[in-house]
Amino acid sequence: RMLGKRHGLTAGRVLTVTIVVTAVSAVFTVANATFLRPLPFPHADRLVRVYLQPPGRPDFRDANPLNPLQFERFRERARSLERVEGIWSADRAVTGDGDAEAVPGGRVSAGFFTLFGGEPQVGRVFTEAEAAADERVVVLGHGLWTRRYGGDRAVVGRTLVLDGEPHVIVGVMRRDFEPAFVPTLLWTPLSTRNAMGRSTLTSVVTYGRLPPGRTVAQSLPEITTVFADLTREMPALLTGWTAGLKDMRAALYGRQAPAVLMLLAAVAALGLIAIANLANLTLADVMFRRSDFAVRAALGASRANLAAGEIAQALILAAAGGAAGLAGAAW
């Protein structure tokens with residue numbers, strides 16, 4: 001009842017809590033997803049990105065992927081990485097079994113699914129032998145499967161036409177296999193010969209996994225040596241270029257780190273300002289109602305009764321502002 005009598009003050013306090021909870025929750029969610037929580041992949045602390053750095057441009061923002069031939073040779077020769085897998089992503093023209101549409105797809109090496117913890121929900125993934133033979137097979141993402149086929153488990157064995165070529169559907173990945181860094185909805189085998197034949201600009205984004213107990217710094221010299229050999233074999237393409245190896249988290253989110261840290265500092269400052277404002281509002285309200293406290297005390301209310309009334313009001317305000325703030329953060 002007391003809060004209901006002071007509409008403006010109550011609304012101001014609830015709005016302050018709402019803004020703070022919304023801002024802190026939203027920014028902390030970003031920081032947690034990118035820097036605090038482990039990446040959602042097996043052995044995520046050992047995952048790395050392999051890349052090439054152009055001459056005179058050491059910033060990782062200028063990093064380049066490997067071309068298919070470099071990828072294949074590097075994959076054969078690198079011994080300091082437990083696994084080496086790659087992906088080339090591009091929109092694919094999908095026809096058959098429904099309307100024609102452009103779907104983001106990836107040509108991937110067969111071990112790409114295993115490297116990032118992908119398990120098929122229906123059927124299987126393609127094998128190394130199928131990838132090496134350039135078999136026309138395709139694995140669907142869960143979203144494309146439910147949207148185009150209505151979640152029909154009998155989809156395995158049916159034909160999907162990609163870029164005018166029929167492909168046999170061999171499996172469907174689980175819903176949780178959606179690597180945010182490669183937004184793709186279907187996957188076909190990565191063939192060096194095919195990719196090179198389609199476009200001289202084709203590239204393969206390369207990822208690897210370090211052996212247990214090995215660090216990026218320990219593996220980089222061997223990676224550098226491998227690319228030095230490749231430079232001698234392909235001087236027109238690689239002279240002056242350097243090889244790089246970067247922790248997966250740093251490769252994905254390193255460029256966002258300054259912005260996220262700035263946002264965290266900003267919401268921390270906002271929180272401190274809001275706490276001070278709420279304290280001032282509460283003290284001003286208590287001072288304004290001194291006569292009310294005096295009357296209630298004269299009628300027999302104890303200090304504990306008076307304090308309990310103020311605490312109850314604060315809890316109601318905190319609950320209302322917190323609920324509104326969490327709704328805003330979720331939105």
Side-chain angles (χ1 to χ4, degrees), residues 1-41 44-45 49 59-62 176 178-181 183 246-331:
R1 289 195 300 271
M2 293 297 294
L3 291 173
K5 293 178 181 179
R6 305 188 305 282
H7 304 291
L9 182 63
T10 299
R13 293 162 79 179
V14 170
L15 182 61
T16 300
V17 175
T18 299
I19 292 173
V20 171
V21 172
T22 298
V24 171
S25 298
V27 174
F28 179 77
T29 297
V30 174
N32 184 51
T34 54
F35 298 109
L36 304 179
R37 187 176 60 198
L39 295 176
F41 310 121
D45 57 324
R49 163 87 185 273
D59 196 316
F60 182 68
R61 287 177 292 185
D62 299 319
D176 56 4
E178 295 181 357
F181 60 95
K246 187 174 282 289
D247 171 80
M248 183 76 168
R249 187 188 296 277
L252 292 178
Y253 306 119
R255 281 181 283 180
Q256 286 77 37
V260 173
L261 292 175
M262 188 178 296
L263 282 173
L264 284 173
V267 297
L270 175 66
L272 291 174
I273 294 171
I275 290 170
N277 286 340
L278 285 171
N280 287 334
L281 286 172
T282 302
L283 289 173
D285 182 43
V286 169
M287 293 300 291
F288 180 76
R289 292 188 293 116
R290 281 180 300 177
S291 58
D292 177 57
F293 290 131
V295 171
R296 292 168 62 191
L299 292 174
S302 66
R303 291 185 177 184
N305 295 139
L306 298 176
E310 296 307 301
I311 292 172
Q313 292 182 55
L315 291 174
I316 292 171
L317 291 169
L326 290 176
W331 174 77

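Each residue takes its place number in the sequence, starting with 1.
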Taking every non-hydrogen atom, the tightest pair across Leu264 and Ala31:
CD1-CB, 4.0 Å

I would like to know whether Trp331 and Thr22 meet side-chain contact (heavy atoms from CB on, under 4.5 Å); could you show each step before the answer?
CA-CA 9 Å; Trp331 174 77; Thr22 298; over 6 Å; no

What's the separation between atom CG in Leu278 and atom CG in Leu283, rounded to the nearest 0.5 Å?
11.0 Å

What pair of heavy atoms forms the shortest contact from Ala329 to Ala26, and how long is it?
CB-N, 4.2 Å

Quick one: CZ on Arg249 to OG1 on Thr34, what's the gap to the nearest 0.5 Å?
7.5 Å

Taking NZ, NE, NH1 and NH2 as the nitrogens, is one of them in Arg61 or Asp59 under 4.0 Å from a carboxylate oxygen of the other?
yes

Determine, step by step, whether Val30 and Tyr253 satisfy the side-chain contact (heavy atoms from CB on, under 4.5 Å) criterion, reporting the C-alpha distance in whole Å, the side-chain angles of both residues, the deciding distance to 0.1 Å, and the verdict.
CA-CA 11 Å; Val30 174; Tyr253 306 119; over 6 Å; no

Kindly give the heavy-atom pair with the smallest separation between Thr16 and Ala274, and that separation in Å.
CG2-CB, 3.8 Å

To check you understand the geometry: which heavy-atom pair defines the closest contact between Pro258 and Arg255, and what is its length?
CD-O, 3.6 Å

Nearest heavy-atom approach of Arg49 to Ala251 is CB-CB, 3.8 Å

Distance in Å, Leu317 CG paired with Thr18 OG1, rounded so as to fall on 0.5 Å steps:
10.0 Å

Does a side-chain heavy-atom distance below 4.5 Å link Val267 with Phe28?
no

Does Ala276 offer a backbone N or O that forms a donor-acceptor pair with the side chain of Asn280 under 3.5 Å?
yes

Check step by step if side-chain contact (heavy atoms from CB on, under 4.5 Å) holds for Leu306 and Glu310.
CA-CA 7 Å; Leu306 298 176; Glu310 296 307 301; 6.0 Å; no

Interatomic distance, CG@Leu270 vs CG@Leu263, rounded to 0.5 Å, equals 11.5 Å

Has Arg290 got a side-chain atom pairing as donor or acceptor with Met287's backbone, closer than 3.5 angstrom?
yes

Is there side-chain contact between Arg13 and Thr282, with heavy atoms separated by less than 4.5 Å?
yes

How many angstroms lie between atom CG of Asn305 and atom CZ of Arg303, to the nearest 0.5 angstrom?
12.5 Å

To the nearest 0.5 Å, how far apart are CG in Asp285 and CG in Leu281?
8.5 Å

Nearest non-hydrogen partners of Ser25 and Thr29, listed with the distance:
O-OG1, 2.7 Å

